[in-house]
**Q** 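Handing you a structure now.
Values below: all heavy atoms of this structure, side chains included; hydrogens, waters and symmetry mates excluded. Everything quoted here is computed from the prediction, not taken from an experiment. Per chain, numbering begins at 1; letters A, B, ... match sequence-line order.
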2 protein chains.
Amino acid sequence: MRADARENRARVLTVARELFAERGLDVPMAAIARRAGVGIATLYRRFPTKESLVREAFTEQFALCQAVIDEALTDPDPWRGFCTVIEKVCLLQASDRGFTAAFVAGFPDLHSEVRERTWHGFTALAQRAKDTGQLRADFSPHDLTLVLMANGGLSGVPVEMATAASKRLCAYLLESFRAGTDELPPPVPLSLDQVLR
Amino acid sequence: MRADARENRARVLTVARELFAERGLDVPMAAIARRAGVGIATLYRRFPTKESLVREAFTEQFALCQAVIDEALTDPDPWRGFCTVIEKVCLLQASDRGFTAAFVAGFPDLHSEVRERTWHGFTALAQRAKDTGQLRADFSPHDLTLVLMANGGLSGVPVEMATAASKRLCAYLLESFRAGTDELPPPVPLSLDQVLR
DNA sequence: TGGTAAGTGGAGACCCCCGTCCGTTTGGCC
DNA sequence: GGCCAAACGGACGGGGGTCTCCACTTACCA
């Protein structure tokens, strides 16, 4: 690949990440191209479809999620690890307006690679936190999806507000997750497959 | 208004409510017209703009919200009233995919009539529940908006799943709202004005 | 320094949606 | 039954989105 082409590609990706973060996934491709200082055709040469651009732009974020879970698994205190995961992932999601949409839009392809591992890791973490009696016994791993979806509902307001709201929501939820006693409705099997219709 | 016209209008409204509920607000006007068995022009004669159709279709739901709060205010147990409000409104929202969008889209006009009253009623209810010591002191009325936004994030999955998820989310949140002790991040002034950008 | 393949940009094809125009049909009163 | 305003429906204009085609430009190597 030629040098100028490589640089253009990188700039497009950067701009795409910025715009997706601040305005969501429905920014027109033309807007991305304009702000990156390239023509539309250039953009489409590097990313044959909008979906491919989205996926590429967010793989970094997904990897970050993975890293958060991996790191939490090394925490000697499972409950602290659990809280960290919820808080960090939610904050990641709240500070990037396109994140949730990219998550559900880009996931079908990242099937085996990230998804399985993330899910497995989180399930293990939750189990450990239950074993130490800090996480309530009726917590379901599906509740992670519940939290993610709920937290995703906070997008749409300006970012600072969304992150502040996310913090408060997480605090509320984590307080409930901590070994509570009251009866709860049954967990909803909100696996990602079902979220994707 | 002629008899057939009146009937057509009613059918359009019914169909619109159905479609908005199951597919969200972005169903094309043509789809509504087709399913109602009328031409597009007929639809536009009764509802000059899509927004007017949306508003008309959802006034019923908004009135229901108002009724829920009014009724809760008569409950001798403020905490029970508080819980009922949250649960019912969330369920209303979860069972209708267009509800949230209609809420933010149609509200600017319903300014004084419904909004002020709803907000005032809920604030009063929350204060009473605090006074009896059942609702945590650091609960903010803005947390209602937080709950609504979070709950709105659950839309997008099939309705039965969304309602089940909503129940579980509400149960978690209400458990936290009940006189807790842990420190919480400050409330976010998520008034509806700000949600509307 | 010149040739060439890789790179580029903008016009436009295609599609979907909102809202309008106008010729045709129909309900309901005399 | 006949008249006419009210009601109707489909074709169409306008706008905005994704993606393609093609004539032009430019980096890079011999």
Side-chain angles (χ1 to χ4, degrees), chain A residues 1-58 97-98 100-102 104-106 108-109 156 197, chain B residues 1-58 97-98 100-102 104-106 108-109 156 197:
Chain A
M1 192 151 74
R2 238 162 62 175
D4 55 343
R6 196 157 359 105
E7 194 190 320
N8 276 342
R9 188 183 194 279
R11 202 164 53 249
V12 162
L13 218 48
T14 305
V15 166
R17 275 194 263 260
E18 286 171 14
L19 286 181
F20 287 153
E22 65 190 51
R23 289 164 51 185
L25 289 194
D26 48 0
V27 290
M29 292 293 262
I32 298 174
R34 201 178 332 119
R35 185 138 140 191
V38 301
I40 308 182
T42 300
L43 196 160
Y44 272 99
R45 182 183 337 266
R46 297 303 158 215
F47 307 94
T49 185
K50 181 167 187 178
E51 199 216 325
S52 71
L53 173 60
V54 169
R55 205 169 339 140
E56 185 95 4
F58 281 95
R97 199 160 160 179
T100 306
V104 309
D109 298 23
R197 275 177 220 85
Chain B
M1 193 151 75
R2 238 163 63 177
D4 55 343
R6 194 155 3 103
E7 193 190 322
N8 276 342
R9 189 182 191 282
R11 201 164 53 248
V12 163
L13 217 48
T14 305
V15 165
R17 275 194 261 260
E18 286 171 12
L19 286 181
F20 287 153
E22 66 190 51
R23 289 164 50 186
L25 289 194
D26 48 359
V27 291
M29 291 294 260
I32 298 174
R34 201 177 334 116
R35 186 137 136 191
V38 301
I40 308 182
T42 299
L43 195 161
Y44 273 99
R45 180 155 335 95
R46 299 302 158 217
F47 306 95
T49 184
K50 182 169 185 175
E51 199 216 324
S52 70
L53 173 60
V54 169
R55 205 169 339 138
E56 185 95 5
F58 281 96
R97 198 160 161 180
T100 306
V104 309
D109 298 24
R197 269 176 227 83

**Q** Residues two or more places apart in sequence or in another chain: which of them pass salt bridge (charged side-chain N to carboxylate O under 4.0 Å, His left out) with B:Arg23?
**A**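 Once residues adjacent in sequence are excluded, B:Arg23 has no partner under the salt bridge (charged side-chain N to carboxylate O under 4.0 Å, His left out) criterion.
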**Q** Kindly determine whether A:Phe47 and A:Arg55 satisfy side-chain contact (heavy atoms from CB on, under 4.5 Å), including the steps that lead there.
**A** CA-CA 10 Å; A:Phe47 307 94; A:Arg55 205 169 339 140; over 6 Å; no
**Q** Could you walk me through whether A:Phe20 and A:Ile32 pass the side-chain contact (heavy atoms from CB on, under 4.5 Å) test, one step at a time?
**A** CA-CA 9 Å; A:Phe20 287 153; A:Ile32 298 174; 3.9 Å; yes
**Q** Which whole-number value in Å describes the distance from B:Asp4 CG to C:dG28 C1'?
**A**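 After rounding, the gap between these two atoms is 10 Å.
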**Q** Does A:Lys50 use its side chain to pair, donor to acceptor, with the backbone of A:Leu25 at less than 3.5 Å?
**A**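 Yes, the answer is positive, given that a donor and an acceptor are paired below the 3.5 Å cut-off.
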**Q** Just checking B:Arg46: base, sugar-phosphate only, or nothing, at a heavy-atom cut-off of under 4.0 Å?
**A**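 Sugar-phosphate: the residue B:Arg46, judged by heavy atoms under 4.0 Å, touches backbone atoms but no base.
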**Q** Tabulate protein N/O versus nucleotide N/O from nucleotides 21-25 of chain C, keeping only pairs under 3.5 Å, one per line.
**A**
none

**Q** Using a cut-off of 4.0 Å on non-hydrogen atoms, how would the nucleic acid contact of A:Ala33 be classed: base, sugar-phosphate, or nothing?
**A**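 Nothing: the residue A:Ala33, judged by heavy atoms under 4.0 Å, touches no strand.
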**Q** Whole angstrom is fine here: how far is it from CD1 in A:Ile32 over to P in C:dG9?
**A**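 Result: 15 Å.
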**Q** Using every non-hydrogen atom in the two residues, find where A:Gly98 and A:Phe58 come nearest and quote the distance to one decimal.
**A**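 Of all heavy-atom pairs spanning A:Gly98 and A:Phe58, the closest is C-CZ, 3.8 Å.
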**Q** List the atom pairs, donor and acceptor, that lie under 3.5 Å between side-chain atoms in residues 12-19 of chain A and the rest of the protein, sequence neighbours left out.
**A**
from, atom 1, to, atom 2, distance (Å)
A:Thr14, OG1, A:Ala10, O, 3.0
A:Arg17, NH1, A:Ala57, O, 3.0
A:Glu18, OE1, A:Arg35, NH2, 3.2

**Q** For nucleotides 13-18 of chain C, which of its nitrogen or oxygen atoms have a protein nitrogen or oxygen under 3.5 Å away, and what is each distance?
**A**
from, atom 1, to, atom 2, distance (Å)
C:dC18, OP1, B:Lys50, NZ, 2.7
C:dC18, OP2, B:Met29, N, 2.9

**Q** Return the set of residues passing side-chain hydrogen bond (donor to acceptor under 3.5 Å, both in side chains) with A:Thr42 (not counting sequence neighbours), or none when no residue passes.
**A**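 With neighbours one apart ignored, the set is empty.
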**Q** Check the distance between C:dA6's P and A:Arg9's CZ and give it to me in whole angstrom.
**A**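 Roughly 17 Å, once rounded to whole Å.
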**Q** Quick one: list whatever passes salt bridge (charged side-chain N to carboxylate O under 4.0 Å, His left out) with B:Asp26, sequence neighbours left out.
**A**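 Partners of B:Asp26 by the salt bridge (charged side-chain N to carboxylate O under 4.0 Å, His left out) criterion come out as none, since no residue qualifies.
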**Q** Quick check for you: name the first and last nucleotides of DNA chain D, 5' to 3', having an atom under 4.0 Å from a heavy atom of chain A.
**A**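 Result: D:dG17 to D:dC28.
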**Q** Taking the side chain as every heavy atom from C-beta outward, state whether B:Arg34 and B:Ile40 have any atom pair closer than 4.5 Å.
**A**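 B:Arg34 vs B:Ile40: side chains apart.
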**Q** Pairs in or reaching into residues 38-48 of chain B: which pass salt bridge (Lys or Arg N to Asp or Glu O under 4.0 Å), with residues at least two apart or in two chains?
**A**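 Qualifying pairs: none.
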**Q** Can you check the B:Glu51 CD to C:dG19 C1' distance for me, whole Å?
**A**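 One finds 14 Å between C1' of C:dG19 and CD of B:Glu51, rounded.
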**Q** I need the full list of side-chain hydrogen bond (donor to acceptor under 3.5 Å, both in side chains) pairs touching residues 3-13 of chain A, with sequence neighbours left out, sorted by first then second residue.
**A**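 Qualifying pairs, neighbours excluded: A:Arg2-A:Asp4, A:Glu7-A:Arg11, A:Asn8-A:Arg11, A:Arg9-A:Glu56.
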